[in-house]
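Quick notes on the structure that follows.
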Amino acid sequence: MALLPILVYPDPRLHTAAKPVQAVDARIRALVADLLETMYEANGIGLAATQVDVHERVIVIDISEERNEPLVLVNPEITWASDEKQIGDEGCLSVPGIYDGVERSSAIRVRALDQQGQSRELAAEGLLDVCIHHEMDHLRGKVFVEYLSPLKRNRIKSKMLKARRETERAD
């Protein structure tokens, strides 16, 4: 297992759409292990392969209090979404320190492969629903700040670029 570098907004690679995984093999299982290690180390609850510059349809999630219930979704598809919406504060490992409200369906059903390549379906609501939506957006090359107003998005972009310049100067 290895810690992977997480891309930070506005890195253009975050806007790359992920390709479907052709086979869940040892390479994908190793990627899943690395994604989980990286997510846990960064204190996140979800991570998409796109965020570590691997543009394949793989996401990992763990919303458990004990951080011991990893959920792996390979080639996830939302098969149903409720008409009812909810707005919840979202944050992102690729946009550190920024949280804002995003409107999402309040419940979904998802079909995906697990890390053994077995097909599974699950229903999600609440935090899990939000997390799956958020990570699937990454697979489409979309970052949550794109749901915000242009003014907020530009402020966030400026803040992230300034932080990057300060980090580069410190190195």
Side-chain angles (χ1 to χ4, degrees), residues 1-9 11 13-96 102-147:
M1 295 196 314
L3 286 176
L4 303 171
I6 298 172
L7 300 177
V8 176
Y9 182 80
D11 191 308
R13 294 171 290 179
L14 288 168
H15 299 293
T16 304
K19 293 180 173 28
V21 170
Q22 298 304 312
V24 179
D25 53 17
R27 182 183 65 82
I28 294 298
R29 285 188 284 280
L31 173 62
V32 165
D34 292 347
L35 287 170
L36 286 166
E37 182 178 357
T38 302
M39 177 187 72
Y40 289 133
E41 180 67 24
N43 293 316
I45 60 171
L47 188 64
T50 300
Q51 291 176 269
V52 297
D53 203 22
V54 176
H55 303 287
E56 294 184 84
R57 295 185 55 78
V58 179
I59 61 178
V60 297
I61 295 171
D62 190 341
I63 60 169
S64 68
E65 291 285 325
E66 297 80 26
R67 315 291 286 140
N68 62 355
E69 296 176 28
L71 174 64
V72 175
L73 301 173
V74 177
N75 295 336
E77 297 174 51
I78 294 175
T79 59
W80 173 85
S82 70
D83 292 332
E84 185 180 332
K85 305 287 184 195
Q86 64 184 9
I87 295 177
D89 263 1
E90 291 187 27
C92 181
L93 294 175
S94 291
V95 193
V102 176
E103 184 177 77
R104 308 263 189 199
S105 298
S106 61
I108 57 173
R109 281 193 211 104
V110 179
R111 180 177 39 244
L113 301 176
D114 64 18
Q115 63 196 33
Q116 276 71 45
Q118 300 298 310
S119 182
R120 62 181 299 174
E121 291 193 37
L122 68 132
E125 57 186 25
L127 182 58
L128 182 57
D129 163 73
V130 170
C131 199
I132 291 171
H133 267 115
H134 179 104
E135 300 309 331
M136 287 184 67
D137 275 351
H138 280 299
L139 299 181
R140 289 189 286 276
K142 188 168 187 173
V143 180
F144 90 97
V145 297
E146 293 172 49
Y147 289 100

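Atom set for the values below is all heavy atoms of this structure, side chains included, hydrogens, waters and symmetry mates excluded. In this text, all values refer to a predicted model and were calculated from it rather than measured experimentally.
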Practice task
Under the salt bridge (charged side-chain N to carboxylate O under 4.0 Å, His left out) rule, collect the residues that match up with D137, sequence neighbours excluded.
Solution key: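 By the salt bridge (charged side-chain N to carboxylate O under 4.0 Å, His left out) rule, D137 matches R104, R140.
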Heavy-atom check, side chain of [X] versus side chain of [Y], under 4.5 Å:
X: L128; Y: L71; result: yes
X: V54; Y: D34; result: no
X: I59; Y: P76; result: yes
X: Q51; Y: L7; result: no
X: V143; Y: V95; result: yes
X: V130; Y: Q86; result: yes

Exercise for the section: Please report the C-alpha distance between H134 and V102 in whole Å, then the side-chain angles of each, then the deciding distance to 0.1 Å, and finally whether the side chain to side chain contact (heavy atoms under 4.5 Å, CB included) criterion is met. Expected result: CA-CA 10 Å; H134 179 104; V102 176; over 6 Å; no
Handout entry: Non-hydrogen atoms of S94 and I6 that approach each other most closely
Key =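 Looking at all heavy atoms of both residues, the shortest contact is OG-CG2, 3.7 Å.
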Practice task
Applying side-chain contact (heavy atoms from CB on, under 4.5 Å), name anything that partners P20, two or more places apart in sequence or on another chain.
Solution key: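 Testing P20 for side-chain contact (heavy atoms from CB on, under 4.5 Å), a comparison that skips the adjacent residues, returns Q22, R57, N75.
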Practice task
List for me each residue that meets side-chain contact (heavy atoms from CB on, under 4.5 Å) alongside V8, sequence neighbours excluded, and say none if there are none.
Solution key: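 Applying side-chain contact (heavy atoms from CB on, under 4.5 Å) to V8 gives P96, M160.
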Handout entry: side chain to side chain contact (heavy atoms under 4.5 Å, CB included) evaluation trace for V58 with L31
Key = CA-CA 9 Å; V58 179; L31 173 62; 4.2 Å; yes
Handout entry: Pairs where residues 18-33 contributes a residue and the test salt bridge (Lys or Arg N to Asp or Glu O under 4.0 Å) is met, not counting sequence neighbours
Key =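 Found R27-E56.
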Exercise for the section: Mind jotting down which residue pairs meet the salt bridge (Lys or Arg N to Asp or Glu O under 4.0 Å) criterion with at least one end in residues 40-55? Sequence neighbours excluded, please. Expected result: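 Found R13-D53.
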Atom pair [atom1] ([X]) and [atom2] ([Y]), whose distance is rounded to the nearest 0.5 Å:
X: H15; Y: H138; atom1: NE2; atom2: NE2; answer: 10.5 Å
X: N43; Y: R67; atom1: CG; atom2: CZ; answer: 7.0 Å
X: I132; Y: I61; atom1: CD1; atom2: CD1; answer: 4.5 Å
X: I78; Y: R111; atom1: CD1; atom2: CZ; answer: 12.0 Å

Could you tell me whether the side chain of [X] and the main chain of [Y] form a donor-acceptor pair under 3.5 Å?
X: S82; Y: S105; result: no
X: T38; Y: L4; result: yes
X: T79; Y: R109; result: yes

Practice task
Go through the side-chain N and O atoms of E90 and H133 and say whether any donor and acceptor fall under 3.5 Å apart.
Solution key: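 Note: E90 and H133 side chains miss the donor-acceptor criterion.
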Exercise for the section: Can you establish whether the number of heavy atoms outside E146 located under 6.0 Å from its atom CD is more than 12? Expected result: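 Yes.
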Problem - N68, CG atom: more than 12 neighbouring heavy atoms under 6.0 Å - result: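 Check passes, neighbour count above 12.
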Using residues 114-124 as the side-chain source, report each donor-acceptor pair under 3.5 Å to any protein atom, sequence neighbours left out, with the distance given to one decimal.
from	atom 1	to	atom 2	distance (Å)
D114	OD1	Q116	N	2.8
D114	OD1	G117	N	3.1
D114	OD1	Q118	N	2.9

Exercise for the section: Start with the C-alpha distance between E69 and D62, add both sets of side-chain angles, then the distance that settles side chain to side chain contact (heavy atoms under 4.5 Å, CB included), and finish with yes or no. Expected result: CA-CA 6 Å; E69 296 176 28; D62 190 341; 4.0 Å; yes
